[in-house]
Protein chains: 2
Amino acid sequence: MLKIGDFSRLSQVSVKTLRYYDEVGLLKPTQVDQVSGYRYYSVVQLRQLHRILALRDLGFSLDQIGHVLEADLSTEELRGMLRLRRAEQQQRLLKEQECLGRVEALLQLIRQESTTNTEAVILKDTEPQRFASIRKTIPAYNQVGQLFGALFRDFPGSTARGPCFAIWHDDEHKDQDVDAEACIPVDEKYQGLSTIRCADLPMVKVASVIHQGAYNTLTQSYQRVLKWVEANGYQVHGPIREIYLQCGEPLRQDDDSYVTEIQVPIALDRGGRRVGNY
Amino acid sequence: MLKIGDFSRLSQVSVKTLRYYDEVGLLKPTQVDQVSGYRYYSVVQLRQLHRILALRDLGFSLDQIGHVLEADLSTEELRGMLRLRRAEQQQRLLKEQECLGRVEALLQLIRQESTTNTEAVILKDTEPQRFASIRKTIPAYNQVGQLFGALFRDFPGSTARGPCFAIWHDDEHKDQDVDAEACIPVDEKYQGLSTIRCADLPMVKVASVIHQGAYNTLTQSYQRVLKWVEANGYQVHGPIREIYLQCGEPLRQDDDSYVTEIQVPIALDRGGRRVGNY
DNA sequence: GTACGCCCTCCAGCGACAGGAGAGTCAAGC
DNA sequence: GCTTGACTCTCCTGTCGCTGGAGGGCGTAC
């Protein structure tokens, strides 16, 4: 019979941990002195503890380890658990790799530009959203206000479910003849009018940046997010969205208090794999 | 001014999380109603929140994020933090990869052998330990008892600091003329006798398995651990140790109650990298 | 006598929230 | 003006695998 300290030295597992395993019922000492409460382990239990440690090193939770050990499962069941575990672990690994990739991409961005101009770009999944819209080719980006004017004229403004936004359908930047869509989110049940298109915004992965400032400085934020997309190994994959989180009436091009979100749909650009369904 | 629910929808951050960020002082709403306690956020704060999310996605803790945001640090400091972060993340990634490797290795082992015979092998670092020993070439492995006999004859048994063990110095399995060392752990201050060698066991990475059963079944455990070492991409790297956790007097070859730990020093066997210093 | 060196139990803390109870608040419809 | 239902508040608990510490008991060596 070994006292907990001896057992701890032999197994290289801390006394605290052994007590914890006792508490959660994972490894109970073969004998406990009723009077002193001293735990006594037998050498044979080292084998049991080894099994616990092995499963722990495979990434199983103590709860799962408990089930595995007491279930005494077949090879086939074990194989199943391991395959599940492998899938989980692959997911985790992927996440950690992506995280590392983001850190490295940012370091690279900083190295490239001497400017500290690294406004926060984040990756997120947009929520699906029904919207009403008018789509038309307009002379320039900043003329989209007229489309919104037409949209609001035909439209009961109270049905808006969030900030209105624009979709730029062109594949590249254009100085004129912009294929633009002025949109307003509406309720799911809304079906549209004759003059107004009604569609569902799909769920899609986007790189997003919040632009605070006048519209005539938007290009800076565009450059930032596009550089970020490139540095992170993504590829623009669908029309860019511009969400007017805060703007005024009448609309001005030089109002510093406006807040706009730019969303760039993206897909992975590594080894031909693709993400996104826009 | 946006109520927390609106802010949550716009940012896609849960209400709970927003309240938590308020509590820890990471993002306080611009206004809080004194009477109702309602939090009111301004659209501008979306930018702040975006910064928080960006840093979070880089793997920083909320604590660090708080420091980063309020410190308003220089490009050089930012670079430093990112490099530190990168190093940490690389470490984590390595761990997760190793974990996945172990899972896959075990799956492979199961696939190879139909037997469920997967006694727990774990990877650990041995602790440095001073020991007294006698080393000699003996006819066969099971003759090591005689060495221990000689060792104990010259040796005050009470100085033992743990279970005695053997070291097999041969590079490969031998049926005769085994280069064996019978060892007993002693206190750090112990300096040895004339007839007895005294040395320090170095800290080393080992694959370890607990064998429960008679000595004449030890080969099964040896096979298991050696297969594990191979499947996990390691290489035997130093003399194998056999630790007699439980044995009896007189020593027998067929006593089922004996417990023995086998420790196989290992080094990485991938791309020429090496671990271990035995 | 006392000073270690064990061992015990019980409680708090970590990090980043999620879930839920119980109660108050707000805006719209009647 | 009242009800209803959606929204919000605070406060408490739980997560996971331990670690650290307080406060106390027991046994042995000096």
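Here is how names work: the chains are called A, B, and so on, in the same order as the sequence lines, proteins then strands, and each is numbered from 1. Quick caveat, the model's predicted, so the values are computed rather than measured.
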Colleague: For Arg39(B) and dT8(D), is the shortest distance between a side-chain N/O and OP1 or OP2 below 4.0 Å?
Modeller: no
Colleague: For DNA chain D, determine which residues of residues 3-23 of chain B have any heavy atom closer than 4.0 angstrom to one of its atoms, and list them numerically.
Modeller: Lys3(B), Ile4(B), Gly5(B), Arg19(B)
Colleague: Is a side-chain donor-acceptor pair under 3.5 Å present for Gln90(B) with Arg86(B)?
Modeller: no
Colleague: For Met1(B) and dA27(C), give me the distance from atom CE to atom C1', rounded to whole Å.
Modeller: 20 Å
Colleague: For Leu62(B) and Ser36(B), take the nucleotide of DNA chain C holding the closest heavy atom to each; which residue's nucleotide lies nearer the 5' end?
Modeller: Leu62(B)
Colleague: Whole-Å distance between dA16(C) C1' and Asp63(B) CG?
Modeller: 12 Å
Colleague: Whole angstrom is fine here: how far is it from CZ in Arg92(B) over to C1' in dG15(C)?
Modeller: 12 Å
Colleague: Mind calculating the distance between CZ (Phe60(B)) and C1' (dG15(C)) to the nearest angstrom?
Modeller: 17 Å
Colleague: Less than 6.0 Å separating the ring centroids of Phe7(A) and Tyr40(A)?
Modeller: no
Colleague: In whole Å, I'd like the distance from the CG atom of Leu58(A) to the P atom of dG17(D).
Modeller: 14 Å
Colleague: How far does CG of Leu69(A) sit from CZ of Arg51(A), to the nearest 0.5 angstrom?
Modeller: 6.5 Å
Colleague: When the distance from CZ of Arg56(A) to C1' of dC16(D) is rounded to whole Å, what number comes out?
Modeller: 13 Å
Colleague: To the nearest angstrom, how far is Tyr40(A) atom OH from dC6(C) atom P?
Modeller: 14 Å
Colleague: Give the rounded distance in Å between these two atoms: OH of Tyr38(B) and P of dC7(D).
Modeller: 11 Å
Colleague: Got a salt bridge between Glu98(B) and Lys95(B), using NZ or NE/NH1/NH2 to carboxylate O under 4.0 Å?
Modeller: no
Colleague: Let me confirm one number: the CD-CZ distance from Gln31(A) to Arg39(A), rounded to the nearest 0.5 Å.
Modeller: 13.0 Å
Colleague: Check this for me, if you would: do Glu261(A) and Lys124(A) make a salt bridge, where the nitrogen-to-carboxylate-oxygen distance has to be below 4.0 angstrom?
Modeller: yes
